[in-house]
K.L.:
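What follows is a structure written as structure tokens; I'll ask about it next.
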Amino acid sequence: MNDPSKLERSRIVHLLQADQSPGSVLVKGWVRTKRDAKGFSFIEINDGSCLANIQVVADETLSNYATIRKMTTGSALSLSGRMVPSRGQGQRWEIKAESVTLVGHAPEAYPLQKKRHSDEFLRTIAHLRPRTNKYGAAFRIRSQLALAIHRFFQDRGFHYIHTPILTASDCEGAGEMFRVTTLAPGDAAVANDFFGVNAYLTVSGQLEAEMLALALGDVYTFGPTFRAENSNTRRHAAEFWMVEPEMAFCDLAQDMVLAEALLQHLAGHVMDHCAADLSLFARFVDKELMHRLAALVEKPFFRVPYADAIAILERSARPFEHPVAHGNDLQAEHERYLVEHHFKGPVIVYDFPKEIKPFYMRMNDDGCTVASMDVLVAGIGEIIGGSQREERYDMLRRRIESIPLAPENYWWYMESRQYGSVPHSGFGLGFERLVMMVTGITNIRDVIPFPRTPKNIAF
RNA sequence: UCCCUGAUAGCUCAAUCGGCAGAGCGGGUGGCUGUUAACCACUAGGUUGUAGGUUCAAGUCCUACUCAGGGAGCCA
């Protein structure tokens, strides 16, 4: 009856939720901690299915108890036994071990200890840090957020599309690009290169997504994006994931409605589906987390035109380091004032001056602003940037000729405005910044398993 | 890329005015019949980031470099 070979492996997340004991169970996972007494040991096993460990009681009647005594933190093991109500405080169930097999030994040099490690140290062992409570929780939440993104869009009839990762086009204003080449070192002849032209890793799928929106109606991308900026901040990575919806027959106001609904859906989804993991962040990382998430889900976002935002900043009489003036872009300190002091909640700033925004954004009737919007949230700043796209061929032509890009590379983009062009809009959501917002983690390097930043690609 | 701060045991940190380099945790050994970051005793563990310089004497002061953190810029 207790032959381990006849049992299906149980996940700890399911065992801990049980209302009654399933009897004999088989569990496989890693030792998080072990406490020895005379004649028996408490072993806490984690299998990654949830934050919590399950407690195992192994005593000296086991034939290999001497080996079990020597098992160290980090070791992988397979064990079977009866799940019984725990005699001790602190957990409802425990497993009375009847068989314990060491699957993979972890020598005493195992770097993860039963105490809190600094984030800086854990970044130096990125291959092991998912085995900690905090990073395990972060990556489970990341997974749930990805699911929630697909669910949000699919429920609204959006089509998931894939845009190229290798590209020859520059999405203006999106930053420096990584060059991709098969040329031998020293060979400068682009004609000999794989594509015969300069190729890059994409900085945005937007231009291609527009083409799909003009065929499939409502579409979204969700994939990796690359920026070769020498940015050394807690909010920037060279490789990050971005969500980019694009909607035909959609204006800026509807774009903003969707951006707000998306963020509210995502925060709500995580509150509903990741309560245990979230509680770790609420306890140890950000005491205000649950309040902030609840407010984000419940309260409408503030909306303010750029010109009004400038007026608010001027009236504040704050000694800003960067001057506040109509025509200047909003600096981090300005965004923080708006979000954290003036509005005290998420803010959508829209209708920016055309000079500080890319060519593809739609010119407003005033002739000096474009139909653009940034969603700003506390602690992160810009989490979403979007716009209504310029759908009028002549207007777009004029914008593209006024910038240093080569218009001939955009012939296909221009042509979409000659055949059945329609008003359309979209935005980009930084996925890592979303994970930061939802967990309270303050460094982007800690919300992606293997972060890429300048001089950092070891793992 | 710029500004500020930092680098001491495996980890987190201390070391007063420039004067013998220490603690907690972790590791090892032993003990403990229900633990919860278990507990108790003992024990090993160091080229003080790198290279120079000042000094009788440098973890400590000076210079350069490397790396890291925070802030700024760029952006998502």
Side-chain angles (χ1 to χ4, degrees), chain A residues 32-44 52-60 69-70 72-74 84-91 94 96 106-125 132-133 171-176 203-206 224-244 259 284 320-322 329-336 356-358 374-377 380-386 427-437 442-448 453-456 458:
Chain A
R32 275 299 171 76
T33 176
K34 181 163 66 77
R35 295 177 290 274
D36 295 320
K38 187 181 174 69
F40 65 101
S41 302
F42 297 101
I43 309 171
E44 288 197 33
N53 309 320
I54 195 161
Q55 175 165 291
V56 177
V57 182
D59 67 29
E60 59 193 349
R69 278 301 275 217
K70 287 190 159 58
T72 45
T73 303
V84 296
S86 178
R87 282 166 57 187
Q89 302 295 307
Q91 60 281 316
E94 67 189 20
K96 178 77 173 63
E108 56 275 6
Y110 183 63
L112 293 174
Q113 301 173 6
K114 288 181 281 192
K115 64 163 193 169
R116 198 186 167 281
H117 286 291
S118 67
D119 292 328
E120 292 80 5
F121 170 66
L122 291 170
R123 275 173 221 148
T124 68
I125 50 168
T132 63
N133 288 338
C171 203
E172 187 229 3
E176 293 296 311
V203 293
S204 167
Q206 181 201 312
T225 303
F226 308 89
R227 305 277 167 91
E229 291 290 340
N230 189 14
S231 294
N232 293 284
T233 81
R234 57 182 186 82
R235 300 185 307 279
H236 292 86
E239 175 181 308
F240 64 97
W241 285 61
M242 189 153 62
V243 182
E244 295 181 285
F284 298 117
F320 291 116
E321 201 175 314
H322 297 86
D329 206 354
L330 295 180
Q331 302 299 317
E333 58 179 343
H334 306 144
E335 295 177 349
R336 214 174 308 123
I356 58 175
K357 289 294 179 183
D374 287 353
V375 181
L376 311 177
V377 296
I380 289 160
E382 183 182 345
I383 194 169
I384 284 176
F427 60 80
L429 164 66
F431 186 57
E432 280 71 22
R433 289 184 180 179
L434 171 72
V435 181
M436 291 168 72
M437 182 188 83
T442 53
N443 195 311
I444 199 168
R445 299 174 186 91
D446 299 331
V447 296
I448 185 166
T453 52
K455 304 276 188 285
N456 182 0

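Any value given below was found using the heavy atoms of this structure, including those in side chains, with hydrogens, waters and symmetry copies removed. Letters A, B, ... are given to chains in the order of the sequence lines, protein chains preceding strands, and every chain is numbered from 1.
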K.L.:
Using the P atoms only, state how far B/U48 lies from B/G10, rounded to an integer number of Å.
P.N.:
12 Å
K.L.:
Would you say A/Phe431 stacks on B/A76, if stacking means ring centres under 5.5 Å apart and planes within less than 30 degrees?
P.N.:
no
K.L.:
Once you round it to whole Å, what is the distance between C1' of B/G34 and NZ of A/Lys96?
P.N.:
12 Å
K.L.:
If we take the P atom in both B/G6 and B/C13, what is their distance in whole Å?
P.N.:
14 Å
K.L.:
Check the interface with nucleotides 67-70 of chain B: list each N/O to N/O pair with the protein under 3.5 Å, or write none.
P.N.:
residue, atom, partner, partner atom, Å
B/G69, OP1, A/Arg123, NH1, 2.6
B/G70, OP1, A/Asn443, ND2, 3.0
B/G70, OP2, A/Asn443, ND2, 3.3

K.L.:
Can you check the distance between B/G24 and B/G45, where both ends of the measurement are the C1' atom (answer in whole Å)?
P.N.:
15 Å
K.L.:
C1' atom, B/U47 versus B/U33: distance in rounded Å?
P.N.:
48 Å
K.L.:
Hey, does A/Arg227 have a side-chain heavy atom less than 4.5 Å from the side chain of A/Phe240?
P.N.:
yes
K.L.:
Check the angle between the aromatic planes of A/Phe42 and A/Phe40 and answer parallel, tilted or perpendicular using the 30° and 60° thresholds.
P.N.:
perpendicular
K.L.:
Quick check: any donor-acceptor pair below 3.5 Å linking the side-chain of A/Ser231 to the base of B/C74?
P.N.:
yes
K.L.:
Ignoring hydrogens and angles, are the base of B/C75 and the side chain of A/His236 linked by a donor-acceptor pair under 3.5 Å?
P.N.:
yes
K.L.:
Would you give the length of the straight line joining atom CG of A/Asp36 to atom NZ of A/Lys70, rounded to the nearest 0.5 angstrom?
P.N.:
11.0 Å
K.L.:
Once side chain to side chain contact (heavy atoms under 4.5 Å, CB included) is applied, do any residues pair with A/Glu60, and if so which ones, sequence neighbours excluded?
P.N.:
A/Tyr65
K.L.:
Hey, is A/Asp59 close enough to A/Lys96 for a salt bridge, meaning N to O under 4.0 Å?
P.N.:
yes
K.L.:
Should B/C17 be called syn or anti, with syn set as within 90° of 0?
P.N.:
syn
K.L.:
Is any side-chain heavy atom of A/Glu44 closer than 4.5 Å to a side-chain heavy atom of A/Lys34?
P.N.:
no
K.L.:
Is A/Gln206 near enough to B/A76 that one of its side-chain N or O atoms lies under 4.0 angstrom from OP1 or OP2?
P.N.:
no
K.L.:
Atom CZ of A/Arg69 to atom P of B/U33: distance rounded to whole Å?
P.N.:
11 Å
K.L.:
Let me have RNA chain B in dot-bracket notation, would you? Count Watson-Crick plus G-U wobble pairs, both distances under 3.5 Å, and use [ ] for pairs crossing earlier ones and | for inter-strand partners.
P.N.:
(((((((..((((.....[..)))).(((((.......))))).....(((((..]....))))))))))))....
K.L.:
The side chain of A/Asp329 is closest to which nucleotide in this list: B/U12, B/A76, B/C75?
P.N.:
B/C75
K.L.:
Walk along nucleotides 37-46 of chain B from 5' to 3' and tag each nucleotide B, S or - by protein heavy-atom contact under 4.0 Å, base first, then sugar-phosphate.
P.N.:
SB--------
K.L.:
What is the separation between atom CG on A/Leu330 and atom P on B/C74, rounded to the nearest whole Å?
P.N.:
11 Å
K.L.:
Measure from the side chain of A/Gln55, starting at C-beta and using heavy atoms only, and say which of B/U36, B/A76, B/C74 lies closest.
P.N.:
B/U36
K.L.:
If we take the P atom in both B/A68 and B/U55, what is their distance in whole Å?
P.N.:
35 Å
K.L.:
For the side chain of A/Glu108, counting heavy atoms from C-beta on, which of B/A76, B/G28, B/U35 is nearest?
P.N.:
B/G28
K.L.:
Going by atom types alone, do A/Ser204 and A/Glu244 pair a side-chain donor with an acceptor below 3.5 Å?
P.N.:
yes
K.L.:
Return the set of residues passing salt bridge (Lys or Arg N to Asp or Glu O under 4.0 Å) with A/Arg445 (not counting sequence neighbours), or none when no residue passes.
P.N.:
none
K.L.:
Identify which nucleotide among B/C25, B/A72, B/U12 has an atom closest to any side-chain atom of A/Ser118, counting heavy atoms from C-beta outward.
P.N.:
B/U12
K.L.:
Using side-chain heavy atoms (C-beta onward) and a distance below 4.5 Å, is A/Glu432 in contact with A/Ile444?
P.N.:
yes
K.L.:
Base, sugar-phosphate or nothing for A/Ile444? Non-hydrogen atoms, less than 4.0 Å.
P.N.:
base
K.L.:
What's the gap between B/G26 and B/G18 when it is taken at their C1' atoms, as a whole Å value?
P.N.:
33 Å
K.L.:
Whole-Å distance between B/U12 P and A/Asp119 CG?
P.N.:
11 Å
K.L.:
Under 3.5 Å, is there a donor on one side chain and an acceptor on the other for A/Arg123 and A/Asn456?
P.N.:
no
K.L.:
For B/C4 and B/C40, measure between their P atoms and round to the nearest Å.
P.N.:
46 Å
K.L.:
What nucleic acid atoms does A/Arg336 come within less than 4.0 Å of, heavy atoms only: base, sugar-phosphate, or nothing?
P.N.:
sugar-phosphate
K.L.:
Do the side chain of A/Gln89 and the base of B/U35 come within less than 3.5 angstrom through a donor-acceptor pair of N or O atoms?
P.N.:
no
K.L.:
Under 4.0 angstrom, heavy atoms only, what part of the nucleic acid is A/Ala109 near: base, sugar-phosphate, or nothing?
P.N.:
nothing
K.L.:
Remember a base hit wins even if backbone is also touched, and classify A/Glu94 as base, sugar-phosphate or nothing at under 4.0 Å, heavy atoms.
P.N.:
base
K.L.:
Distance check needed: B/U35 C1' versus A/Phe40 CZ, whole Å only.
P.N.:
7 Å
K.L.:
From the options B/C32, B/G73, B/C75, select the nucleotide whose nearest atom is closest to the side chain of A/Gln331.
P.N.:
B/G73
K.L.:
With rounding to the closest Å, how many angstrom separate the P atoms on B/A72 and B/G46?
P.N.:
42 Å
K.L.:
Assign A/Glu333 to base, sugar-phosphate, or nothing according to its heavy-atom contacts below 4.0 angstrom with the strands shown.
P.N.:
nothing
K.L.:
Are side-chain N/O atoms of A/His236 and A/Glu229 paired as donor and acceptor at under 3.5 Å?
P.N.:
no
K.L.:
Using a cut-off of 4.0 Å on non-hydrogen atoms, how would the nucleic acid contact of A/Ile380 be classed: base, sugar-phosphate, or nothing?
P.N.:
nothing
K.L.:
Minimum heavy-atom separation for A/His334 and A/His322, please, with both atom names.
P.N.:
NE2-O, 3.0 Å
K.L.:
Expressed as a whole number of angstroms, how long is the span from A/Ile448:CD1 to B/A76:P?
P.N.:
17 Å
K.L.:
Would you kindly give the CD-to-C1' distance between A/Glu239 and B/A76, to the nearest whole Å?
P.N.:
14 Å
K.L.:
Taking it one step at a time, do A/Arg336 and A/Gln331 satisfy side chain to side chain donor-acceptor pair (under 3.5 Å)?
P.N.:
CA-CA 9 Å; A/Arg336 214 174 308 123; A/Gln331 302 299 317; over 6 Å; no
K.L.:
Here's a test of your reading of the structure: between A/Thr72 and A/Phe121, which maps to the more 5' nucleotide of RNA chain B?
P.N.:
A/Phe121
K.L.:
Among the nucleotides B/C32, B/A72, B/U1, which one has an atom lying closest to any side-chain atom of A/Lys38?
P.N.:
B/C32
K.L.:
Look at all strands and tell whether A/Gly39 reaches a base, only sugar-phosphate, or nothing, counting heavy atoms closer than 4.0 Å.
P.N.:
nothing
K.L.:
Rounded to the nearest angstrom, tell me the gap between atom CD in A/Gln113 and atom C1' in B/G10.
P.N.:
7 Å
K.L.:
What pairs with A/Arg234 under side chain to side chain contact (heavy atoms under 4.5 Å, CB included), at least two apart in sequence or on another chain?
P.N.:
A/Met436, A/Thr442, A/Asn443
K.L.:
Can you measure from CG (A/Leu112) to OG1 (A/Thr73) and round to the nearest 0.5 angstrom?
P.N.:
9.5 Å
